Amino acid sequence: MTNLDNIKNVLDSNNDITQEIKDNMFELIVLFNNKFPTVSLDNLEGHLKSLRIRKSSKFFNQDISMYDCRNNVLYFNQERMADEYDFRHILMFELLNIISSNKLQTGFNSESKFEALNIGYTEILANYLVGNSGEKLIYPNEAIMANMIGIVIGNDNLFDSYFNNDPKILLNALVKAGVEL
């Protein structure tokens, strides 16, 4: 199982990321690992080896950031950088996407099913881990929806489904809660 020393070494060996970003990422990874020590960092280690960070424009992505799990690229929308976002929160949000990625999907977002719920749950986790002191929120409506679904099916089911990339856990919990699919 991957430990923080492995993560630090892999992150330091990636020449495509600036030292400042590496330091910020590692600080957030340590925070994540302290809060969720049972979550494997194996996928993260694999992704950090070749992670690329690129600037994008509103023509590519309207959001402030986006992680492309298939190509292992983290994009930041250059035009939205001046907006009043909490960049620690943004980076944590995207790190959660990287941690929960299996190169085919992030979290339980399989084939774009549960995409909004996945985004909302990622937002909830990022808020829990680092808060959000920005004037602009990323996905407040999706977070409210994910919170309500977590109340219905149990946050443990969302957590397990998210970090195991298994939407069946989510579906089974919904059925058990009485939701007709």
Side-chain angles (χ1 to χ4, degrees), residues 25 28-29 31-44 46-48 51 56 58 60-77 80 83 85-181:
M25 289 176 85
L28 295 176
I29 293 165
L31 177 69
F32 172 85
N33 191 60
N34 288 338
K35 294 280 187 172
F36 302 121
T38 61
V39 175
S40 171
L41 299 177
D42 293 345
N43 284 345
L44 176 63
H47 298 312
L48 288 178
L51 178 69
S56 68
K58 65 181 177 183
F60 179 72
N61 178 33
Q62 291 290 324
D63 297 324
I64 180 68
S65 61
M66 181 188 84
Y67 176 61
D68 175 356
C69 68
R70 295 181 191 270
N71 295 306
N72 199 29
V73 179
L74 178 54
Y75 293 98
F76 289 98
N77 186 330
R80 307 269 322 258
D83 292 348
Y85 288 101
D86 178 348
F87 283 94
R88 188 167 193 244
H89 177 84
I90 301 289
L91 188 56
M92 186 77 246
F93 180 90
E94 295 303 348
L95 268 173
L96 288 163
N97 281 323
I98 296 168
I99 291 167
S100 71
S101 170
N102 64 5
K103 294 189 179 182
L104 298 174
Q105 69 189 53
T106 58
F108 43 73
N109 179 23
S110 178
E111 298 174 8
S112 296
K113 295 176 184 148
F114 306 114
E115 182 175 6
L117 180 59
N118 195 79
I119 288 169
Y121 190 64
T122 306
E123 179 76 3
I124 288 171
L125 291 173
N127 281 334
Y128 170 71
L129 291 165
V130 298
N132 189 346
S133 61
E135 292 294 318
K136 290 194 128 187
L137 303 176
I138 313 176
Y139 302 106
N141 295 332
E142 290 84 348
I144 291 167
M145 175 193 59
N147 191 41
M148 290 172 38
I149 290 174
I151 291 168
V152 171
I153 68 168
N155 284 318
D156 55 333
N157 287 312
L158 283 173
F159 186 88
D160 291 343
S161 181
Y162 185 84
F163 286 110
N164 290 304
N165 302 105
D166 190 351
K168 289 180 186 173
I169 295 171
L170 178 63
L171 288 170
N172 290 338
L174 285 166
V175 168
K176 188 176 179 180
V179 176
E180 290 185 34
L181 301 177

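Keep in mind the model is a prediction, meaning the values are calculated, not measured. Just the heavy atoms: all of them, side chains too, but no hydrogens, waters or symmetry mates, feed the values below.
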Polar side-chain atom of Asn165 near backbone of Gly107 as donor-acceptor pair, under 3.5 Å
yes

List the residues meeting ring-ring contact (aromatic ring centres under 6.0 Å, His included) with Phe114, not counting sequence neighbours, and say none if there are none.
none

Quickly, which of Asp42, Thr38, Asn43 forms a side-chain contact (heavy atoms from CB on, under 4.5 Å) with Ser40? Name it, please.
Asp42

Which of these, Leu28, Asn132, Leu129, sits in a side-chain contact (heavy atoms from CB on, under 4.5 Å) with Arg88?
Leu28

Non-neighbouring partners of Asn109 that pass side chain to side chain donor-acceptor pair (under 3.5 Å), sequence neighbours left out:
none

CD1 of Ile98 to CG of Leu74, rounded to nearest 0.5 Å, is 5.0 Å

With sequence neighbours left out, write down each residue that passes salt bridge (charged side-chain N to carboxylate O under 4.0 Å, His left out) with Glu180, or none if nothing qualifies.
none

Closest approach of Val130 to His89 (non-hydrogen atoms, all atoms of both residues)
CG2-CA, 3.7 Å

Could I get the full list of side chain to side chain donor-acceptor pair (under 3.5 Å) partners for Ser133, not counting sequence neighbours?
Asp86

side-chain contact (heavy atoms from CB on, under 4.5 Å) evaluation trace for Phe108 with Leu158
CA-CA 9 Å; Phe108 43 73; Leu158 283 173; 4.0 Å; yes

Provide the full list of salt bridge (charged side-chain N to carboxylate O under 4.0 Å, His left out) pairs with a residue in residues 110-132, sequence neighbours left out, each pair given once.
Glu111-Lys113

List the atom of Leu117, the atom of Ala146, and the distance in Å for their closest heavy-atom pair.
CD1-CA, 3.5 Å

Would you check if Asn147 and Ile144 make a side-chain contact, meaning some heavy-atom pair closer than 4.5 Å?
no

Inter-residue atom distance Met92.CE - Asn97.CG, 0.5 Å rounding
10.0 Å

Restricting to salt bridge (charged side-chain N to carboxylate O under 4.0 Å, His left out), what partner residues turn up for Lys103, sequence neighbours left out?
none

Rounded to the nearest 0.5 Å, what separates atom CE in Met145 from atom CD in Glu142?
6.0 Å

Using side-chain heavy atoms (C-beta onward) and a distance below 4.5 Å, is Tyr162 in contact with Leu125?
yes

Asn71: partners by side chain to side chain donor-acceptor pair (under 3.5 Å), with sequence neighbours left out
Asp68

side-chain contact (heavy atoms from CB on, under 4.5 Å) against Ser101, all qualifying residues, sequence neighbours excluded:
His47, Tyr67, Cys69, Thr106

Measure the CD1-CG distance between Ile119 and Leu96 for me, rounded to the nearest 0.5 Å.
13.0 Å

Between Asn77 and Asp63, is a side-chain contact (heavy atoms from CB on, under 4.5 Å) present by the stated rule, with each step listed?
CA-CA 7 Å; Asn77 186 330; Asp63 297 324; over 6 Å; no

side-chain contact (heavy atoms from CB on, under 4.5 Å) involving Phe87 - partner list, sequence neighbours excluded
Ile64, Met81, Tyr85, Ile90

List the atom pairs, with distances to 0.1 Å, where a side-chain N or O of residues 166-176 and a protein N or O form a donor-acceptor pair under 3.5 Å, not counting sequence neighbours.
residue: Asp166; atom: OD1; partner: Lys168; partner atom: N; Å: 3.0
residue: Asn172; atom: ND2; partner: Lys168; partner atom: O; Å: 3.3

Roughly how far, to the nearest 0.5 Å, is the OG atom of Ser161 from the CG atom of Asp156?
11.0 Å

Listed by chain and number, what are the ring-ring contact (aromatic ring centres under 6.0 Å, His included) partners of Phe163, not counting sequence neighbours?
Phe32, Phe159

Steps toward side-chain contact (heavy atoms from CB on, under 4.5 Å) verdict (Ile124, Asn127):
CA-CA 5 Å; Ile124 288 171; Asn127 281 334; 5.7 Å; no

Criterion side-chain contact (heavy atoms from CB on, under 4.5 Å) on Asn118 and Gln105, from CA distance to verdict:
CA-CA 10 Å; Asn118 195 79; Gln105 69 189 53; over 6 Å; no

Could you pull out all residues at least two apart from Ser56 that satisfy side chain to side chain donor-acceptor pair (under 3.5 Å)?
none

